[in-house]
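Worksheet for the structure shown next.
Whatever order the structure lists them in is the order used to number ligands and atoms, beginning at 1. Only this structure's heavy atoms are used, side chains among them; waters, hydrogens and symmetry mates stay out.
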Amino acid sequence: MPVIVQKYGGTSVGDTGRIKNVARRICATQDEGYQVVAVVSAMGDATDELLRMAHEISAEPPERELDVLLSNGERISVALLAMAIHEMGHRAVSLSGRQAGIQTNTVFTKARITGVETGRLREELDNGKIVLVAGFQGVSVDEDITTLGRGGSDTTAVAIAAALGAEECEIYTDVDGVYTADPRVVGLARKLDTVSYQEMLEMAATGAEVLMLRSVEYAQKYKVTLHVRSSFTDEAGTWIREEDESMEKAVVSAVSHTTDESKLTLLRLPDRPGVAATVFGDLAEAGVNVDMIIQNVSEQGTTDISFTVVQADLPAAQQALDRITDELGVAYIIGEQMGKVSIIGAGMKSYPGVAAKMFKTLADASINIEMISTSSIKVSCVIERDQVEKAVRALHEAFNLG
Ligand code: ADP
Ligand code: ASP
Ligand code: MG
């Protein structure tokens, strides 16, 4: 019997009525002749609620304990879903990440999956049961509970699909597919039928939260086709797979954005070998994830370097920079309220003038560009945070994506 892996996001299991709706879908899939594994997220904003309580008690809760706490959100969902399926006369078993064989490294709150031990999953499936797996969690080599980072249930689902050799992984969410821009920001955004892994990687990396970046990396590596769709309708959604001849290679296929960046600029750094290595080495050691980096031309033996970090990393970045700038006898400035807007398209590679059109569009909207970075299929601009939504709408229109 073929195996299918489905993932249901928080909104899809937001209350008991919706849990029953998901249960019906899963039972129907089994009745069609599939062995079904369903990976489930915490109900609604349960994860945010748990985080809120943790921070009411401690400004910096121990990360090990945070993971123990947060893993409970998805355990509640799978248990309730199992009960709903039993009520419908089907047999189901709910499993924690650990019971489902999800092994991870030891990095609390953003652990990486290192392997999936499929023994229990296969045994339950071969016994005719529907298997419900708590998403977003695993167990480390030290036998501790870990979580995979926000949106991590996507990655649980893809990892299980890869390990079981499932042909497809269905991602059920609160939109009916991947759109040309976040439909919450652009009312005229259009649903895409297919998206290549490469484009989806760039979209996820630049803020399209519909799929966690790591889940797309995993899907590409293990060639798992993803189908992003709505749990509230039966319409086909968006297929994410290897690029092939049948796919339309739009010059620009989507606009994505983030609103949580900060920009730091080191002023008049000595322009000699090893300075950048020291600065970014220290930042890496402090666990700061640096995104975009720009070094200016050197003038009189000194140079400025600007870079961006997500706002959550700003305190750690400042601590590291305070040390570094003291040592080097230089200063730095902070632009806290920044965001980023990006255009993505597989056809961009062989089409000149795309970046120029993006810059002109932003200029016409009186939006100042602070930093620019490109890849072969993406152009990103860092801009003021309060201009981000306006920029997304202007670019969506300029590139005729609606
Ligand atoms: P889930 O809880 O199901 O994992 P998420 O909130 O993580 O759902 O992701 C779905 C949300 O992603 C949508 O509600 C939408 O606002 C947002 N989103 C951002 N960019 C896009 C895009 N390009 N296409 C579709 N949704 C997007
Ligand atoms: N519940 C977790 C979160 O809110 C994981 C997930 O939903 O994928 O980030
Ligand atoms: Mg998500």
Subject >> Proximity flag Gly152 to ligand 2, non-hydrogen atoms under 4.0 Å >> reply: yes
Subject >> Heavy-atom closest contact (Phe359 atom, Cys381 atom, distance) >> reply: CE2-SG, 3.7 Å
Every pair of nitrogen or oxygen atoms between ligand 1 and the protein that is under 3.5 angstrom apart - can you list them with their distances to 0.1 Å?
from, atom 1, to, atom 2, distance (Å)
ligand 1, 2 (O), Gly10, N, 3.4
ligand 1, 3 (O), Thr173, OG1, 2.6
ligand 1, 4 (O), Lys7, NZ, 3.0
ligand 1, 8 (O), Thr173, OG1, 3.1
ligand 1, 14 (O), Asp174, OD1, 2.9
ligand 1, 14 (O), Asp174, OD2, 3.4
ligand 1, 16 (O), Asp182, OD1, 2.8
ligand 1, 16 (O), Arg184, NE, 2.7
ligand 1, 16 (O), Arg184, NH2, 3.0
ligand 1, 23 (N), Tyr179, O, 3.0
ligand 1, 24 (N), Tyr179, N, 2.9

Original post:
Would you call Glu143 and Arg98 a salt bridge, using N to O less than 4.0 angstrom?
Top reply: yes
Original post:
Lys7 to ligand 2: N or O pair under 3.5 Å?
Top reply: no
Subject >> atom 2 (C) of ligand 2 [closest protein heavy-atom partner, distance rounded to 0.1 Å] >> reply: Thr47 OG1, 3.6 Å
Original post:
What protein heavy atom is closest to atom 3 (C) of ligand 2, reported as residue, atom name and distance in Å?
Top reply: Arg150 NE, 3.3 Å
Subject >> ring-ring contact (aromatic ring centres under 6.0 Å, His included): pairs with one or both residues in residues 143-173, sequence neighbours excluded >> reply: Tyr8-Tyr172
Subject >> Expected output: side-chain Arg190 to main-chain Leu401 donor-acceptor under 3.5 Å >> reply: yes
Original post:
Under 4.0 Å between a Lys/Arg side-chain N and an Asp/Glu carboxylate O for Glu235 and Arg229?
Top reply: no
**OP:** Taking all non-hydrogen atoms of both residues into account, name the closest pair between Glu74 and Ser153 and its distance.
**Re:** OE1-OG, 3.5 Å
Subject >> Short N or O distance, Asp154 and ligand 2, threshold 3.5 Å exclusive >> reply: no
Subject >> Asp244 and Arg241 ion-paired at < 4.0 Å >> reply: yes
**OP:** Examine the proximity of ligand 2 to Glu74 and report which part, side chain or backbone, both or neither, has a heavy atom under 4.0 Å away.
**Re:** side chain
Original post:
Would you call Glu170 and Lys7 a salt bridge, using N to O less than 4.0 angstrom?
Top reply: no
Subject >> Heavy-atom nearest neighbour in the protein, as seen from atom 7 (O) of ligand 2, with distance rounded to 0.1 Å >> reply: Ser41 OG, 3.1 Å
Subject >> Where Asp67 and Thr109 come nearest, the two heavy atoms and their spacing >> reply: OD2-N, 2.8 Å
Original post:
Is the closest heavy-atom distance from Gly151 to ligand 2 below 4.0 Å?
Top reply: yes
Original post:
Would Arg120 and Glu123 pass as an ion pair if we require N to O under 4.0 Å?
Top reply: no
